[in-house]
Amino acid sequence: MNGTQWIIFILIVQVIHFLGTWKLYVKAGRKAWEAAIPVYNGIVLMQIINRPKWWVLLLFIPIINLLMFPVVWVETIRSFGKNKMLDTWLVILTLGFYIAYINYAEDVKHIEDRDLKPKTGLGEWVSSIVFAIVAATFVHTYFIQPYVIPTGSLERTLRVGDFLFVSKFHFGARTPMTAIAAPMVHDTLPLLKRKSYLNKPQIPYFRLPGFQTPQKNDIVVFSWPADTVQQFFVKSKGVEKPIDKKSNYVKRCVGTPGDSLAIINGKVHINGEPLQLSDRARVMQNYIVYAQKGVSSRLLREVDASDYIRIYKPKNIDQNQLNALRANGIAVGADENGQATIYTDEKGLPTEFIRQLRLSLTEETPRERVANMTLQMVAQLKKNPGIDSVVMENIPKGQPGTNVFPQNPYYRWNVDNFGPIYIPEKGATVEINKKTIPLYKKIIRDYEHNTVKVEADRVLINGKEANSYTFKQGYYWMMGDNRDHSEDSRAWGYVAEDHIVGKPVFIWLSFDNFQDGIRFNEKFRWDRMFTTVGGNGEPVSYFKYFLIALAGYFIFDFFRKRRKKEAS
């Protein structure tokens with residue numbers, strides 16, 4: 001729904017409200033016309049039901065209003081003596097239309113000094129829960145949202161298992177676009193595993209004022225532009241999602257509106273100059289490690305490298321052992337001589353598993369191995385006298401990669417040699433032709449809602465031949481610090497301004513083996529807990545200060561209660 005349609009819809013709601021409540025307004029000592037004036041009628045209604053006038057604001061805040069409307073309906077009928085459980089269910093199940101029945105069919109009296117305190121323990125409990133959800137939803141939607149790093153695309157800057165607080169107010173909170181959705185969840189209802197929203201109606205995009213815009217080097221949470229998955233990490237048929245219900249991604253912003261971006265031999269260049277990364281950035285890339293005497297897994301493990309393959313040669317392996325290995329997702333093949341060969345990731349085979357299967361293994365130490373490392377890891381590895389060379393793995397320029405934007409033969413780009421490409425700025429105009437349209441087609445069609453058709457050498461936008469196009473919003477380029485193991489803008493292109501969610505500001509919890517599932521024996525990363533995401537220098541943990549402050553509060557509270565008890 002566009003702005004005009006929403007205005008018409010709100011006016012229709014106001015007419016329904018007037019027709020269904022004007023007699024109740026009169027019985028409460030007000031004028032009938034007061035039920036017809038938008039916003040003012042809400043203020044008057046709050047006075048009738050003896051609730052704060054600021055509640056009216058909650059009725060106009062998307063998602064929160066879905067919680068508040070039933071509360072106001074129930075409060076309205078109770079202000080006219082309808083306190084039975086049946087009345088409560090009727091007004092909720094009829095979406096408030098039960099009020100219209102009372103308005104015309106029953107002779108009720110307004111209770112001016114109604115007792116607002118719930119009459120039962122259950123009622124008080126429900127009331128507390130409702131307003132706790134309202135408050136939490138308000139904070140979650142407009143101020144701070146919790147988020148967990150699910151994938152390794154930002155390793156080692158942000159790590160899998162980092163639990164973050166994401167600020168909505170830095171860039172300005174994006175108001176919900178999906179009008180009808182469950183509070184406090186994203187796109188899926190827990191346990192039920194069903195979508196938590198209705199695709200329609202949609203509210204026009206609006207962002208509250210912020211005090212920053214995303215800058216180069218900022219880590220940003222945004223709605224994944226290419227998202228069509230029903231649930232994250234679950235394979236299923238593709239679905240079309242509203243923008244604010246797309247899966248949340250977190251990457252580093254490397255290009256802002258108006259920039260020209262190129263990747264040259266794995267290094268990002270902006271406007272012709274190498275991108276100067278934050279000193280907290282820990283960019284990882286694949287390196288080829290060579291040693292005449294062999295590159296052992298121990299050497300790679302000592303520098304904390306990742307994403308390398310370990311190869312084992314078993315002796316006298318039988319079919320039962322093979323079946324057990326494959327049943328546990330372990331790859332077993334054969335070398336050129338037909339000898340069984342076991343392949344694992346950098347974690348290798350668990351010792352207990354080897355004992356259980358009674359395997360006799362020898363791990364190979366090939367002369368050349370590929371491992372994912374930061375520059376700091378590379379420098380440490382090069383100090384080892386047994387290592388002959390460490391060279392960054394690089395796909396040559398002109399060799400087209402797979403799944404690389406814009407997926408068009410005109411552009412023979414890959415993840416290491418990409419561009420140059422222009423990042424559109426709001427109000428900027430670009431030339432449109434058969435060669436440039438692959439770069440901007442998704443923007444023009446999907447983000448700015450035009451029809452695009454290419455006929456021979458002509459490009460038609462909204463049915464008319466176009467030689468240029470002016471952008472309606474700004475766009476960003478997002479990349480993972482884990483360069484060779486990140487699906488980012490190099491795969492799906494630009495991130496629209498209306499897809500920006502917020503800025504990670506704080507790590508409050510961190511697990512080392514989060515991908516294996518949360519268990520009581522999780523290994524905590526104490527040095528990462530209560531650290532800031534931004535800033536300069538090495539992150540500093542404020543966890544001990546938090547514990548000191550918490551202990552201080554409990555001590556203070558203990559003595560306060562003790563003095564209060566002695567005084568009484």
Side-chain angles (χ1 to χ4, degrees), residues 151-153 155-156 159-161 266 282-395 482-486 511-517 519 521-523 525:
T151 67
S153 66
E155 293 279 347
R156 303 292 170 102
R159 308 199 63 179
V160 175
R282 297 291 181 265
V283 175
M284 298 190 78
Q285 291 178 283
N286 284 345
Y287 288 84
I288 303 170
V289 184
Y290 182 82
Q292 182 66 32
K293 296 181 179 179
V295 182
S296 71
S297 296
R298 178 183 58 81
L299 293 177
L300 298 177
R301 188 166 58 251
E302 284 176 354
V303 299
D304 203 20
S306 65
D307 301 294
Y308 53 89
I309 297 173
R310 299 178 70 171
I311 304 173
Y312 297 89
K313 294 291 186 181
K315 296 179 181 178
N316 304 319
I317 190 168
D318 60 34
Q319 192 61 47
N320 290 332
Q321 292 170 321
L322 281 173
N323 293 340
L325 288 166
R326 288 168 176 159
N328 282 273
I330 298 168
V332 183
D335 62 15
E336 63 275 7
N337 299 318
Q339 184 181 353
T341 305
I342 299 170
Y343 303 89
T344 75
D345 60 15
E346 69 270 17
K347 294 178 182 178
L349 289 171
T351 303
E352 191 61 36
F353 189 64
I354 295 173
R355 290 174 180 168
Q356 181 183 343
L357 293 183
R358 297 181 179 179
L359 292 170
S360 177
L361 301 173
T362 302
E363 184 176 358
E364 288 195 341
T365 55
R367 294 178 179 178
E368 183 178 291
R369 300 179 77 169
V370 176
N372 193 24
M373 295 182 284
T374 64
L375 287 173
Q376 292 86 348
M377 296 175 190
V378 170
Q380 184 179 347
L381 190 61
K382 283 182 175 180
K383 292 178 182 178
N384 192 300
I387 298 298
D388 297 324
S389 66
V390 184
V391 181
M392 185 188 297
E393 191 176 51
N394 207 328
I395 304 174
N482 195 356
R483 291 285 195 256
D484 295 314
H485 301 269
S486 170
F511 290 136
D512 192 40
N513 52 342
F514 174 76
Q515 286 176 317
D516 298 331
R519 300 185 303 273
N521 62 342
E522 287 288 359
K523 182 180 177 183
R525 301 190 192 106

All pairs passing salt bridge (Lys or Arg N to Asp or Glu O under 4.0 Å) where residues 283-308 contributes a residue, at least two apart:
Arg156-Asp304, Arg298-Glu302
Can you list the residues that meet the side chain to side chain contact (heavy atoms under 4.5 Å, CB included) rule with Ile288, with sequence neighbours excluded?
Glu368, Val370, Glu393
Please list every donor-acceptor pair under 3.5 Å in which a side-chain atom of residues 378-388 meets a protein atom from a residue at least two apart or in another chain.
unit_1, atom_1, unit_2, atom_2, d
Asn384, OD1, Gly386, N, 2.8
Asp388, OD2, Gln292, N, 2.7

CG (Asn316) and CG (Leu359) are apart, to the nearest 0.5 Å, by 11.0 Å
Non-neighbouring partners of Gln319 that pass side-chain hydrogen bond (donor to acceptor under 3.5 Å, both in side chains), sequence neighbours left out
Asn323
Interatomic spacing from CZ in Arg483 to OG in Ser153 - rounded to 0.5 Å:
10.5 Å
Out of curiosity, Ile342 CD1 to Leu325 CG, how far, rounded to the nearest 0.5 Å?
5.0 Å
Side chain Gln285, main chain Gly266, donor-acceptor under 3.5 Å
yes
Tightest non-hydrogen contact, residues Leu357 and Ala324, listed as CD2-CB, 3.6 Å
Of all residues at least two apart in sequence or in a different chain, which pass the side-chain hydrogen bond (donor to acceptor under 3.5 Å, both in side chains) check with Ser486?
Lys251, Asp488
Separation of Ile354 CD1 from Tyr312 OH (nearest 0.5 Å):
6.0 Å
Contact check, side chains of Val283 and Leu375, non-hydrogen atoms, under 4.5 Å
no
Check whether Arg367 reaches the backbone of Tyr290 with its side chain - one donor and one acceptor, N or O, closer than 3.5 Å.
no
Between Asp484 and Asn286 (side chain of the first, backbone of the second, donor and acceptor by atom type, cut-off under 3.5 Å), is there such a pair?
yes
Over all heavy atoms of both residues, which pair between Val160 and Gly152 is shortest? Give the atoms and the distance, please.
CG2-N, 3.5 Å
Any donor-acceptor N or O pair under 3.5 Å, side chains Glu155, Ser306:
no
Separation between NZ of Lys523 and CZ of Phe511, rounded to the nearest 0.5 Å:
13.5 Å
Under the salt bridge (Lys or Arg N to Asp or Glu O under 4.0 Å) test, which residues partner Asp335, sequence neighbours left out?
Lys313
Counting N and O atoms only, with roles assigned by atom type, does the side chain of Thr341 sit under 3.5 Å from a partner on the main chain of Gln339, one being a donor and the other an acceptor?
yes
Val289 versus Tyr308: any side-chain heavy-atom pair under 4.5 Å?
no
Hey, are the side chains of His485 and Met284 touching, using non-hydrogen atoms and a 4.5 Å cut-off?
no
How long is the gap from CD1 on Ile311 to CG on Leu361, to the nearest 0.5 Å?
13.0 Å
For Val332, does its backbone N or O pair with a side-chain atom of Arg326 as donor and acceptor, under 3.5 Å?
yes
For the pair Lys315 and Thr362, evaluate side-chain contact (heavy atoms from CB on, under 4.5 Å) and give the outcome as yes or no after the intermediate values.
CA-CA 8 Å; Lys315 296 179 181 178; Thr362 302; 4.3 Å; yes
If you take all heavy atoms of Met373 and Val390, which pair is closest and at what distance?
CE-CG1, 4.0 Å
State, with a plain yes or no, whether a side-chain heavy atom of Arg369 is found less than 4.5 Å away from one of Ile309.
no
